[in-house]
Visitor: 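Have a look at this one before I ask anything.
Everything numeric here is computed off the predicted structure, so don't read it as measured data.
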Amino acid sequence: MARLAAYDGIADWYETEFLGEQGDSDPIGVRRLLAGLLGPGTGRCLEIGCGTGTHAGQIRELGWIPFGVDLSAGMLRHARGRLPIARADARRIPVRDDAVPAAVAVMVHTDMPDYPDVVREAARILRPGGVLVHIGVHPAFCGGFADRADSAAVVIRPGYLDTYWTHESWTDQGVRDKVGAMHRPLPELLHAFLDAGLVLERFAEGGAPCPTTFAVRARKPA
């Protein structure tokens with residue numbers, strides 16, 4: 001998967017500069033979305049594509065016990081000490097069937113060309129009644145087709161309806177131009193959850209005035 005070599009090469013920049021510039025702010029609403037869709041709970045919560053482990057603290061504050069998997073050794077080097085980790089392909093998570101009550105995938109689906117397979121794998125490890133929270137860049141307003149140079153008005157060009165891998169980005173200050181990203185239109189993304197046998201429960205968006213993030217809470221039938 002794409003995160004292996006690409007994210008190894010930018011792991012230090014990602015931790016110290018990209019995330020460091022954000023500080024405690026929540027510019028695109030990720031913390032708000034995670035709190036609202038995951039919510040308080042108990043038991044283990046798996047973060048799929050945990051990266052440097054920056055969300056572990058909030059997951060722990062919500063009462064969960066976080067642990068994470070990621071394919072990038074460089075990113076996991078920064079995650080050590082923040083949560084228990086395993087280096088693993090998200091399509092083959094080293095967790096038994098029906099084992100965890102919750103899983104989250106935060107800002108990673110564009111890094112995973114086979115994201116529908118990842119969602120199916122998440123459904124496998126969830127307990128009946130367990131929840132999967134997906135938070136990612138907004139498929140309709142972020143991508144190689146979307147010019148966000150003007151924060152007040154996103155310009156949408158041809159390309160939204162296609163499924164493709166791209167390095168095209170309106171800015172050189174983000175991740176997409178460095179490691180690439182997979183775009184799927186919104187219906188295709190939502191069908192990944194339905195095809196995995198999950199029940200869609202809630203949706204939310206983050207970022208203003210034009211949405212930057214799109215989030216889903218889905219549940220494994222009891």
Side-chain angles (χ1 to χ4, degrees), residues 1 3 29-51 53-71 79 82-140 163 182 184-206 211 213-222:
M1 296 178 74
R3 292 176 66 83
V30 171
R31 289 184 58 84
R32 175 181 61 82
L33 294 170
L34 187 58
L37 295 183
L38 178 60
T42 58
R44 294 189 301 162
C45 177
L46 172 65
E47 184 173 359
I48 300 167
C50 65
T54 56
H55 306 296
Q58 184 182 10
I59 293 170
R60 196 173 286 113
E61 289 170 3
L62 290 168
W64 301 95
I65 303 170
F67 69 112
V69 295
D70 201 289
L71 196 56
R82 291 176 174 160
L83 75 170
I85 54 173
R87 186 181 178 206
D89 189 322
R91 297 168 299 182
R92 293 183 292 275
I93 299 171
V95 175
R96 61 180 174 81
D97 295 357
D98 303 329
V100 297
V104 299
V106 182
M107 303 304 290
V108 297
H109 83 280
T110 52
D111 298 321
M112 301 175 176
D114 300 315
Y115 193 64
D117 294 336
V118 174
V119 175
R120 279 192 289 271
E121 182 70 347
R124 177 188 68 80
I125 68 168
L126 283 175
R127 293 177 185 171
V131 297
L132 170 63
V133 173
H134 159 99
I135 302 170
V137 296
H138 203 302
T163 301
M182 187 73 188
R184 286 185 170 83
L186 183 58
E188 186 177 332
L189 176 62
L190 293 178
H191 278 125
F193 298 89
L194 297 178
D195 293 344
L198 299 172
V199 177
L200 298 171
E201 287 192 336
R202 291 184 62 191
F203 308 98
E205 294 172 314
T213 50
F214 177 76
V216 176
R217 186 177 75 188
R219 189 176 298 274
K220 184 173 182 175

Visitor: Quick check against the 3.5 Å criterion: does Trp64 have a side-chain atom that pairs as donor or acceptor with the backbone of Leu46?
Guide: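 Answer holds: no.
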Visitor: Are side-chain heavy atoms of Cys50 and Arg82 found at a separation under 4.5 Å?
Guide: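 No, every pair of side-chain atoms sits at 4.5 Å or beyond.
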Visitor: Is the closest basic N to carboxylate O distance between Glu61 and Arg31 below 4.0 Å?
Guide: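 Salt bridge present between Glu61 and Arg31.
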Visitor: If I take atom CD1 from residue Ile135 and atom CG from residue Leu33, how far apart are they, to the nearest 0.5 angstrom?
Guide: 5.0 Å
Visitor: How close do Ala222 and Pro128 get, heavy atom to heavy atom, and via which atoms?
Guide: CA-CB, 3.8 Å
Visitor: Between Tyr115 and Phe193, how do the two ring planes meet: parallel, tilted or perpendicular, split at 30° and 60°?
Guide: perpendicular
Visitor: Using side chain to side chain contact (heavy atoms under 4.5 Å, CB included), reason through Ile85 and Asp70 one step at a time and then give a plain yes or no.
Guide: CA-CA 8 Å; Ile85 54 173; Asp70 201 289; over 6 Å; no
Visitor: If every non-hydrogen atom of Leu126 is compared with every non-hydrogen atom of Leu198, which pair is closest and at what distance?
Guide: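 Smallest heavy-atom distance, with atoms named: CD1-CD2, 4.4 Å.
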Visitor: How long is the span from the CG atom in Leu190 to the CG atom in Asp195, to the nearest 0.5 Å?
Guide: 10.5 Å
Visitor: Return the minimal non-hydrogen interatomic distance between Met182 and Pro113, and the atom names on each side.
Guide: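 For Met182 versus Pro113, the nearest heavy atoms are CG-CA, 4.1 Å.
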Visitor: Counting distance only, does the side-chain N/O of Arg87 pair as donor-acceptor with the main-chain N or O of Leu71 below 3.5 Å?
Guide: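 The answer is yes, because a donor-acceptor pair under 3.5 Å joins these two groups.
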Visitor: Report the C-alpha separation of Met107 and Thr213 in whole Å, then their side-chain angles, then the decisive distance to 0.1 Å, and conclude whether the side chain to side chain contact (heavy atoms under 4.5 Å, CB included) test is met.
Guide: CA-CA 9 Å; Met107 303 304 290; Thr213 50; 4.0 Å; yes
Visitor: Over all heavy atoms of both residues, which pair between Val108 and Gly49 is shortest? Give the atoms and the distance, please.
Guide: CG1-O, 3.2 Å
Visitor: Ignoring hydrogens, what is the shortest heavy-atom contact between Ala56 and Pro66? Give both atom names and the distance.
Guide: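 That closest heavy-atom pairing would be O-CG, 3.8 Å.
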Visitor: To the closest 0.5 Å, what do you measure between CG (Asp89) and CG (Asp114)?
Guide: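 These two atoms lie 8.0 Å from each other.
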Visitor: I'd like to know whether His55 forms a side chain to side chain contact (heavy atoms under 4.5 Å, CB included) with Leu83, so could you lay out the CA-CA distance, the side-chain angles of the two residues, the decisive distance to 0.1 Å, and finally the verdict.
Guide: CA-CA 10 Å; His55 306 296; Leu83 75 170; over 6 Å; no
Visitor: Counting only N and O atoms by type, is there a donor-acceptor contact under 3.5 Å from the side chain of Arg124 to the main-chain atoms of Arg92?
Guide: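 No; zero donor-acceptor contacts below 3.5 Å.
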Visitor: For Gly51 and Ala79, work out which heavy atoms get closest and say how close.
Guide: O-CB, 3.4 Å
Visitor: Ignoring hydrogens and angles, tell me if any N or O in the side chain of Lys220 forms a donor-acceptor pair with the backbone of Arg127 under 3.5 Å.
Guide: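 Not at all, since once roles are kept as given, no pair shorter than 3.5 Å links the two residues.
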Visitor: Can you find a pair of side-chain heavy atoms, one from His134 and one from Val119, that are under 4.5 Å apart?
Guide: no
Visitor: Keeping Arg120 on the side-chain end and Gly197 on the backbone end, is there a donor-acceptor pair under 3.5 Å?
Guide: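 No, Arg120 side chain to Gly197 backbone: no donor-acceptor pair under 3.5 Å.
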Visitor: Between Arg219 and Gly129 (side chain of the first, backbone of the second, donor and acceptor by atom type, cut-off under 3.5 Å), is there such a pair?
Guide: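 At least one qualifying donor-acceptor pair exists.
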Visitor: Determine whether Ile48 and Met112 satisfy the following criterion, side chain to side chain contact (heavy atoms under 4.5 Å, CB included), listing intermediate values before the conclusion.
Guide: CA-CA 11 Å; Ile48 300 167; Met112 301 175 176; 4.3 Å; yes
Visitor: Quickly, which of Ile93, Ile125, Ile65 forms a side chain to side chain contact (heavy atoms under 4.5 Å, CB included) with Val100? Name it, please.
Guide: Ile125
Visitor: Between Glu121 and Arg91 (salt bridge meaning N to carboxylate O under 4.0 Å), is one present in this structure?
Guide: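 Salt bridge between Glu121 and Arg91, a charged N being under 4.0 Å from a carboxylate O: no.
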Visitor: Check for a donor-acceptor pair, side chain of Arg217 on one end and backbone N or O of Gly36 on the other, with a separation under 3.5 Å.
Guide: no
Visitor: To the nearest 0.5 Å, what is the distance between CD1 on Ile59 and CZ on Arg44?
Guide: 13.5 Å
